[in-house]
2 protein chains.
Amino acid sequence: MSQTRRRTRQRDAVAALLQQREDFRTAQQIHADLREAGDDVGLTTVYRCLAAMTESGEVDILLGQDGEARYRACSTGHHHHLVCRSCGFTVEVTAAPVERWARRTAEEHGFSDVTHTVEIIGLCDTCATS
Amino acid sequence: MSQTRRRTRQRDAVAALLQQREDFRTAQQIHADLREAGDDVGLTTVYRCLAAMTESGEVDILLGQDGEARYRACSTGHHHHLVCRSCGFTVEVTAAPVERWARRTAEEHGFSDVTHTVEIIGLCDTCATS
DNA sequence: GCACTACTGAAAATGGTTGTCGTTAGCAGT
DNA sequence: ACTGCTAACGACAACCATTTTCAGTAGTGC
């Protein structure tokens, strides 16, 4: 019954890497980043850490159109993302009007227990000018 | 140079099936549906038809969190979806306030050439009561 | 009918992700 | 510190949706 979450070098490494990055990265990229930094962590473990951190709300997942999941350490509250399709640079945004619209629309059609996904994908300032 | 799109039994079968269904279905489901209906079409061909129809805007793709793509014949204009997470029943919705919000938010942060994804996922009337 | 080539589809390959399982190492409790 | 329990690790295999291959098939224009 004592589901104690243990602190390990690997978990710390993954968490630390995500903290110092502000873009969305794939599990494989994170794995490579860690290896490059000398913090060798098994790919399987990277996936497990990310899954655990996702469940506890520490990271957000974004499923790209190429079928690859991207991860990022985000603020804990409800928010959405404005993502650069070229470099992955991400801005967290809140969207009160969207929340209202989603709730009302769902109600109108008799839907309950609703969640929603809202992402804006574009080119950031730097990528557009280069 | 004569890139004529040929009309085949298989393409017709896939198109017809999608027309008479109003929910999002996976490629594998569509393949099974066709087989069951007696219209045997290779899985590879199903994928190819769906890709072609997606490109020409005849069908919309929805990438679920389980990493499976779902397809549906939709109206051609810009719209979003209200999807039942249990049965896949889908309502097309328009979202003028969301469009405005997305455009303004992107501008504020210097993003250009933006698109967005907006989906509402919930339980439809029938699934909620059963 | 004929030629041209897009289309088909079975089988194999791809590639991200998850399961397996023997080993390693936190974290009590002593 | 020492020990036992068991969560966590990680190399590897398995999984599974999707894509590629390639030889055979069948629309389409002439």
Side-chain angles (χ1 to χ4, degrees), chain A residues 1-18 23-56 58-72 83 85 88, chain B residues 1-18 23-56 58-72 83 85 88:
Chain A
M1 247 297 153
S2 58
Q3 281 297 67
T4 325
R5 164 146 289 161
R6 291 182 184 170
R7 165 168 222 173
T8 65
R9 176 183 69 79
Q10 290 86 341
R11 269 173 174 24
D12 282 351
V14 172
L17 183 81
L18 285 171
D23 55 344
F24 273 91
R25 316 220 90 205
T26 66
Q28 320 257 352
Q29 284 178 323
I30 292 167
H31 177 234
D33 290 346
L34 289 169
R35 172 153 301 184
E36 195 172 340
D39 275 323
D40 219 321
V41 178
L43 180 57
T44 312
T45 304
V46 172
Y47 275 107
R48 265 190 299 240
C49 288
L50 290 171
M53 295 173 79
T54 300
E55 189 158 5
S56 69
E58 295 168 69
V59 303
D60 280 8
I61 312 186
L62 200 60
L63 303 106
Q65 45 282 61
D66 53 355
E68 247 180 304
R70 283 153 206 284
Y71 303 84
R72 179 176 185 271
V83 186
R85 88 173 101 251
Chain B
M1 244 299 150
S2 59
Q3 279 297 63
T4 325
R5 166 146 290 159
R6 292 182 182 171
R7 165 169 223 173
T8 65
R9 176 184 69 76
Q10 291 87 340
R11 269 164 167 39
D12 282 351
V14 172
L17 183 80
L18 285 171
D23 56 345
F24 272 92
R25 317 220 89 205
T26 66
Q28 319 259 349
Q29 284 178 323
I30 292 167
H31 177 235
D33 290 346
L34 289 170
R35 172 152 300 183
E36 196 171 341
D39 274 323
D40 218 323
V41 178
L43 180 56
T44 311
T45 303
V46 172
Y47 275 107
R48 267 191 295 239
C49 288
L50 291 171
M53 295 173 79
T54 300
E55 189 157 3
S56 69
E58 295 168 70
V59 303
D60 280 10
I61 312 186
L62 200 59
L63 303 106
Q65 44 281 65
D66 54 357
E68 248 180 304
R70 282 153 208 284
Y71 303 84
R72 179 175 186 273
V83 187
R85 89 174 99 253

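Lettering of chains follows the sequences in order, A, B, ..., and the numbering in each one begins at 1.
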R25(A) versus L17(A): any side-chain heavy-atom pair under 4.5 Å? no
With no hydrogens and no angle check, just 3.5 Å: does a side-chain donor-acceptor pair link T26(A) and Q28(A)? no
So L63(A) and L63(B), do their side chains get closer than 4.5 Å, heavy atoms only? no
Measure CD/E68(B) against P/dG16(C) and give the value in whole Å, please. 18 Å
Just how far, in rounded Å, is C1' of dA26(D) from CZ of R5(B)? 17 Å
Looking at dA6(C), dC27(C), dC9(D), which one has an atom nearest to any side-chain atom of R6(B)? dA6(C)
Let me know the distance between CD of Q28(B) and P of dC15(D), rounded to the nearest Å. 16 Å
Rounding to an integer number of Å, can you tell me how far D12(B) CG sits from dG27(D) P? 10 Å
Let me know, please, whether A51(B) or L43(A) comes out on the 5' side of the other along DNA chain D by nearest nucleotide. L43(A)
Please state how far atom NE2 in H31(A) lies from atom P in dG15(C), giving the value in whole angstrom units. 17 Å
Short side-chain N/O contact from Q10(A) to OP1 or OP2 of dG10(D), under 4.0 Å: yes
Where do H31(A) and V41(A) come nearest, in terms of heavy atoms and distance? CD2-O, 2.9 Å
Regarding the side chain of R48(B), the nearest nucleotide among dG16(C), dA8(D), dG9(C) is dG9(C)
For a quick check of understanding: with a heavy-atom distance under 4.0 Å over all strands, which category does T8(B) fall into, base, sugar-phosphate or nothing? sugar-phosphate
Establish whether the base of dG27(D) is bridged to the side chain of R9(B) by a donor-acceptor pair shorter than 3.5 Å. no
Counting only side-chain N and O atoms of Y47(B), is one of them less than 4.0 Å from OP1 or OP2 of dT18(D)? yes
Please state how far atom CG in D40(A) lies from atom P in dT24(C), giving the value in whole angstrom units. 16 Å
Check every strand shown and say whether R11(B) touches a base, only sugar-phosphate, or nothing at a heavy-atom separation below 4.0 Å. sugar-phosphate
T44(A), nearest nucleotide to its side chain (from dT20(C), dA11(C), dC9(D)): dT20(C)
Quick one: label R7(A) by what it contacts on the DNA or RNA (base, sugar-phosphate, nothing), any heavy atom closer than 4.0 Å. sugar-phosphate
Please give, in whole Å, the distance from dT8(C) P to D39(B) CG? 13 Å
Counting just side-chain N and O atoms, does T45(B) come under 4.0 Å of either OP1 or OP2 of dG9(C)? yes
Categorize R70(A) for me: base, sugar-phosphate, or nothing, with a 4.0 angstrom heavy-atom threshold over every strand shown. nothing
Figure out the CD1/P separation between I30(A) and dG16(C), and round it to whole Å. 14 Å
Can you name the side-chain hydrogen bond (donor to acceptor under 3.5 Å, both in side chains) partners of E68(B), sequence neighbours left out? none
